[in-house]
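Structure record follows, encoded as structure tokens.
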Amino acid sequence: MIEQTLSIIKPDAVERNLEDRIKNFFKEKDLKILKSKKVKISREEASEFYKVHQTKPFYNDLCNYLSSGPIVVMILEGENAVAKNRELMGATDPNNAEEGTLRKMYGLSIDKNSVHGSDSVLNGKIEIDFFFK
Ligand code: IDP
Ligand code: MG
């Protein structure tokens with residue numbers, strides 16, 4: 001099924017000028033970039049975006065991090081886009097990510113892991129609305 005999902009290039013990757021490389025990677029793997037913009041979000045916006053994690057011990061650092069510098073937010077579209085993007089990203093911790101995945105190639109640590117991807121079609125819709133509505 002053709003789906004849409006939200007992808008974010010996180011501050012660590014934007015800072016290292018990986019935007020074009022990551023975008024080309026998605027395009028090569030048949031995920032179309034429907035919309036893209038570079039933004040810097042506030043601490044409040046980050047805490048809203050990541051509110052599913054509000055009970056986690058790393059929540060505070062996570063919100064500080066996502067709002068620490070420019071990010072690139074994208075709507076990706078393609079066959080099974082949600083699962084496909086998760087597969088291309090690799091495991092949350094780059095140390096556990098498979099060879100050839102974005103987090104293996106570019107991730108620095110579990111918190112600076114370069115990319116975000118929606119984890120379901122429903123959350124994809126919610127996250128796309130968050131940035132593009
Ligand atoms: P995901 O990004 O692979 O979907 P989630 O569990 O949804 O992973 O966590 C959201 C983000 O929170 C992760 O991408 C990572 O940056 C950060 N995170 C997750 N677990 C930890 C942790 O144990 N310590 C620090 N940061 C974490
Ligand atoms: Mg997640």
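Read the numbers this way: they start at 1 and go in the same order the structure lists the ligands and their atoms.
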Looking only at protein heavy atoms, what sits closest to atom 4 (O) of ligand 1 is R86 NH1, 2.8 Å
Evaluate whether atom NZ of K37 has more than 12 neighbouring non-hydrogen atoms of other residues, nucleotides or ligands under 6.0 angstrom away. yes
Which of the atoms of ligand 1 are close to N113, meaning less than 4.0 Å from one of its heavy atoms? 13 (C), 14 (O), 15 (C), 16 (O)
Flag the pair R16 and D12 as a salt bridge only when some basic side-chain nitrogen lies within less than 4.0 angstrom of an acidic carboxylate oxygen. yes
Tell me: protein heavy atom nearest atom 18 (N) of ligand 1, and distance? F58 CE1, 3.5 Å
Quick one: does H53 get a heavy atom under 4.0 Å from ligand 1? yes
Could I get the full list of side-chain hydrogen bond (donor to acceptor under 3.5 Å, both in side chains) partners for R43, not counting sequence neighbours? N60, N64
Spacing of CG belonging to L102 relative to OG belonging to S114, to within rounding of 0.5 Å: 8.0 Å
Among all residues two or more places apart in sequence or in another chain, which pass the salt bridge (charged side-chain N to carboxylate O under 4.0 Å, His left out) test with K38? E19
Taking only non-hydrogen atoms of K10, do any sit less than 4.0 angstrom from ligand 1? yes
K10 charged N/C atom sitting above Y106 aromatic ring, 6.0 Å / 45°: no
Does the N or O separation between I110 and ligand 1 drop below 3.5 Å for any pair? yes
Residue-level breakdown please: for L62 versus ligand 1, do any non-hydrogen atoms fall below 4.0 Å on the side chain, on the backbone, on both, or on neither? side chain
Nearest-contact summary for atom 2 (O) of ligand 1 - protein heavy atom, Å: R103 NH2, 2.9 Å
Over 12 foreign heavy atoms within 6.0 Å of NZ, K32: no
Can you tell whether the side chains of E87 and K84 come within less than 4.0 Å, N to carboxylate O? no
Does D119 have a heavy atom less than 4.0 Å from any atom of ligand 1? no
Checking contacts here: is it the side chain or the backbone of K112 that comes within 4.0 Å of ligand 1, counting heavy atoms only? Could be both or neither. neither
Nearest neighbour in protein (non-hydrogen) for atom 3 (O) of ligand 1: T92 OG1, 2.6 Å
